[in-house]
Amino acid sequence: MSSTTNYILGVFDDEDEVLHAVSEVKSKGIKIDEVYTPFPIHGLDTAIGHERTRLPIAAFMFGTLGMICALSLISYTMVFDWPMIIGGKDFFALPNWIPVTFEGTVLFTAFGLVITFCISNNLFPGNNVEPLDLRITDDKFVMAINLDKNKLGQDEITKALKSSGAIEVNVK
Amino acid sequence: MSHVVSPIREHLVTGGKSYSDVTHDICKQVEGEPTKEWKIAFAISCVIFAYGAYCLFYTWWQGIGVWGLNKTVGWAWDITNFVWWVGIGHAGTLISAVLLLFRQKWRTSINRSAEAMTIFAVLCAASFILAHMGRPWLAHWALPLPNAFGSLWVNFNSPLVWDVFAISTYLSVSLLFWYMGLVPDLATIRDRATTKGRKFWYGLFSLGWTGSAKTWARYEYMSLILAGISTPLVLSVHTIVSMDFATSVIPGWHTTIFPPYFVAGAIFSGFAMVQTLLLITRVVFKLEDYITIEHIEMMNIVVTVTGSVVGIAYLTEFFIAWYSGVEYESYAFINRATGPYWWAYWMMMTCNVISPQLFWFKSIRTNLMVSFFLSIVVNVGMWFERFVIIVTSLHRDYLPSSWAMFSPTMYDIGDYIFSFGLFFTLFFLFAKFLPVVNMAEVKSVMKGVSSNFPKKVAKKSKSEE
């Protein structure tokens, strides 16, 4: 968060209240930037208007890549580079390769997914964020409204937040 | 939250805790000075670790000739201990992945420590894999590296190679799952930090977590997908371990029932080990309000179910040995039950099949002392199961002149002691420096499962009904 923008922070102390407040505040024509919470709240992201995440698609693609990599490595080594007769089987003994292919798929999915997740959320070691409110990771739910992106003034937004149940309203 | 919880369910969080109480109670042990009990326990585990490390070093230095193996019994305590630890290492991922898919809320208080236990158990298992290779500095030969590195390519048709991939994938994916679960809680400690060091270290590992709704939404998808891929992964690992035996032609090993039977046994022993550790942790860190009798009872029910599956598998094996009409197969099983290793067999039967049936009585499965005792009994039984499968199948082979017995040397025992030292040292470090209960997840299910949830909103949600 850069210090030049003005944020109005509505602090709530209950998950159902903040979820309710999001639609209430939005119905007054106020654009909500983001809501920060100590734990996931179902339906909060769609209530704010965030798009549905495409992480599952990324995961599927990484899984496919893992499967292709594993199968390519196995067939290259077992069929092309150094074929050997093992147990009288074909060189291309696909059923025997299922376990390693499966493990490769899982490995690529997991690492690809987590790395994508970290990149898309700007999570990396050494990222020293200044939290908007230190109580967000404890027990408070903070609705952040960017003044520059809204037509309504500070007083009106403060009033709207208070009336929808905010226990305090801060400016940052 | 909006989920309806049946009124007959017991409370999963007791003591009228608020969200901030959860944070305080769990962070207390990370932020405070280590307690005297912790210091004593940690010192003991370090001593055990040091003695074990000496024995393991000696084994690596001299070679596995220092073990009690002979020409007939070529696998004994090494692989017994390996399978035992890998089995124990199944509970963590099972609790966090399978119970997440089934939306079981009681997982939230116990998944963190169960996953940590999983990772440490798999590391212990890996120590036996390395040791039993004899030349552990050539362990990379098990990886598919080009010929210039040593031998030919690895044989991808071999279950032993499948095992290398299964165990290493399982270890790294479990570690990833566990760490991503930790990130929000590390951010909690970062934001509460009063010292510079704590702010730096927990800040470094919490990766700049903000807790925004967008991040949480993605986080939930990520957890769900990780759980979805970890579930078949956890089943594949012990399936493949069982295939190390089942694809051989040794009577007593060569059976198709092995994969499901091993997986059930793994869950059985893993839950028992989680039970042992949780019963200690909840008392030492005063977490009785989070790890309640309800949790203990649920765990005991899983132990009973999987114990019964294991029992049926034992009987099926015996029946099939007779029904197959294969003389050698029948002999292997009769020899198990009545031969020179009869005591190991009956130890296994008593511990694994009979003792968990006691949990049918509610008074027993809700009794902490009895649960603690039986959880250890189960793990003793599961160790004997692997010993019975491995040693008694080998010690009397096709040629009576080569029949032999196995007796462990101090290095067999010492390497086993090493794994306990490693396990407990890591577990105590975890319990001191990381939150042992997943705070964010507990908070997310507290409404509805917590007794006397102290909020005005508790009233409000009632009026909504």
Side-chain angles (χ1 to χ4, degrees), chain A residues 13-17 34-42 44-45 48 50 52-53 55-56 59 63 73-74 77-78 81-82 84 86-87 89 93 96-97 99-100 102-107 109-111 113-114 117-118 120-129 131-132 134-139, chain B residues 1-2 18-20 23 144 147 152-159 161-162 165-166 169 172-173 176-177 180 183-184 187-188 190-192 203-205 207-222 225-226 229-230 232-233 236 240 440-441 443-444 447 455-457 460-461:
Chain A
D13 63 354
D14 182 84
E15 70 258 40
D16 292 334
E17 274 186 14
E34 186 56 288
V35 180
Y36 297 87
T37 62
F39 53 80
I41 300 172
H42 292 281
L44 184 63
D45 55 316
I48 299 167
H50 290 324
R52 195 188 142 120
T53 171
L55 271 184
L73 173 75
I74 301 170
T77 57
M78 303 289 288
D81 193 47
W82 201 303
M84 279 192 296
I86 292 155
K89 295 185 189 78
N96 300 352
W97 301 348
V100 175
F102 169 75
E103 305 297 337
T105 311
V106 168
L107 191 69
T109 313
F111 276 86
L113 175 66
V114 169
F117 169 80
C118 288
S120 63
N121 292 300
N122 200 28
L123 295 173
F124 57 89
N127 180 8
N128 296 316
V129 286
L132 292 172
L134 284 177
R135 298 166 298 174
I136 289 168
T137 52
D138 180 10
D139 63 342
Chain B
M1 273 166 291
S2 49
S18 68
Y19 294 142
S20 146
T23 316
N147 291 351
L152 309 175
W153 291 106
V154 294
N155 174 11
F156 286 102
N157 297 330
S158 159
V161 169
W162 303 347
F165 280 84
T169 303
S172 43
V173 172
L176 206 60
F177 200 2
M180 290 321 287
V183 168
T188 302
R190 169 199 71 193
D191 290 349
R192 286 166 55 93
L204 187 70
F205 287 107
L207 310 176
W209 179 267
T210 58
S212 72
K214 199 168 204 158
T215 312
W216 275 122
R218 288 173 179 149
Y219 181 86
E220 290 240 84
Y221 266 103
M222 181 189 67
I225 297 168
L226 281 179
I229 58 171
S230 298
L233 177 66
S236 84
I240 291 173
E441 281 201 9
K443 287 174 195 169
S444 74
K447 271 194 185 174
K455 277 286 162 75
K456 48 184 179 179
V457 214
K460 200 176 168 187
S461 56

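Order of the sequence lines sets the chain letters (A, B, ...), proteins ahead of strands, with each chain counted from 1.
Of the inter-residue distances, the one linking A:Leu132 atom CG with A:Glu34 atom CD reads 10.0 Å to the nearest 0.5 angstrom. Rounding to the nearest 0.5 angstrom, the gap separating the CG atom in B:Leu226 from the CZ atom in A:Phe117 is 10.0 Å. Atoms OG1 and CG, on B:Thr215 and A:Leu123 in that order, are 6.5 Å from each other to the nearest 0.5 Å. Note that CZ of A:Phe102 is 11.0 Å distant from CG of A:Leu107, once rounded to the nearest 0.5 Å. To the nearest 0.5 Å, the span separating CE on B:Met222 from CG on A:Leu55 amounts to 8.0 Å.
No other option in A:Val35, A:Asn128, A:Thr37 has as many heavy-atom pairs under 4.5 Å with chain B as A:Thr37. Chain A forms more heavy-atom pairs under 4.5 Å with one residue of B:Thr23, B:Asn157, B:Ile229 than with any other, namely B:Asn157. Between chain B and the options A:Val129, A:Asn121, A:Asn127, A:Val114, heavy-atom pairs under 4.5 Å are most frequent for A:Asn121. Counting heavy-atom pairs closer than 4.5 Å to chain A, the top-ranked of the candidates B:Ala440, B:Pro159, B:Ser212, B:Ser172 is B:Ser212. Top candidate by heavy-atom pairs under 4.5 Å with chain A, chosen from B:Pro184, B:Ser230, B:Ala166, is B:Ala166. Ranked by heavy-atom pairs under 4.5 Å with chain A, the first of B:Glu220, B:Arg218, B:Glu441 is B:Arg218. Chain A forms more heavy-atom pairs under 4.5 Å with one residue of B:Pro232, B:Gly211, B:Ser158 than with any other, namely B:Gly211.
Using a 4.5 Å cut-off between heavy atoms, A:Ile74 touches chain B through backbone and side chain atoms alike. Only the side chain of A:Ile136 comes within less than 4.5 Å of a heavy atom in chain B; its backbone stays farther off. Proximity to chain A is limited to the side chain of B:Leu176, based on heavy atoms less than 4.5 angstrom apart. In this structure, chain B has heavy atoms under 4.5 Å from both the backbone and the side chain of A:Ser120. Contact annotation for B:Met180: only side-chain heavy atoms (C-beta onward) come within less than 4.5 Å of a heavy atom of chain A. Heavy atoms closer than 4.5 Å to chain B are found in both the backbone and the side chain of A:Phe111. Both the backbone and the side chain of B:Leu204 have a heavy atom closer than 4.5 Å to some heavy atom of chain A. Only the backbone of A:Phe124 comes within contact range of chain B, with heavy atoms under 4.5 Å apart. Contacts between A:Pro56 and chain B at a heavy-atom distance below 4.5 Å involve backbone atoms as well as side-chain atoms. Only the side chain of A:Arg52 comes within contact range of chain B, with at least one heavy atom under 4.5 Å from a heavy atom of that chain.
At distances below 3.5 Å, at least one donor-acceptor pair connects side-chain atoms of B:Arg190 with backbone N or O atoms of B:Trp209.
In plain terms, the two heavy atoms of A:Leu73 and B:Pro144 that are nearest each other are CD2-CG, 3.8 Å. Across all their heavy atoms, A:Asp139 and B:Ser20 have their closest contact at OD2-CB, 3.2 Å.
Surrounding CZ of B:Phe205 are at most 12 heavy atoms belonging to other residues, nucleotides or ligands under 6.0 Å away.
Partners of A:Glu103 by salt bridge (charged side-chain N to carboxylate O under 4.0 Å, His left out), not counting sequence neighbours: none found.
Checked against the 6.0 Å centroid threshold, B:Trp162 and B:Phe165 do not count as a close aromatic pair.
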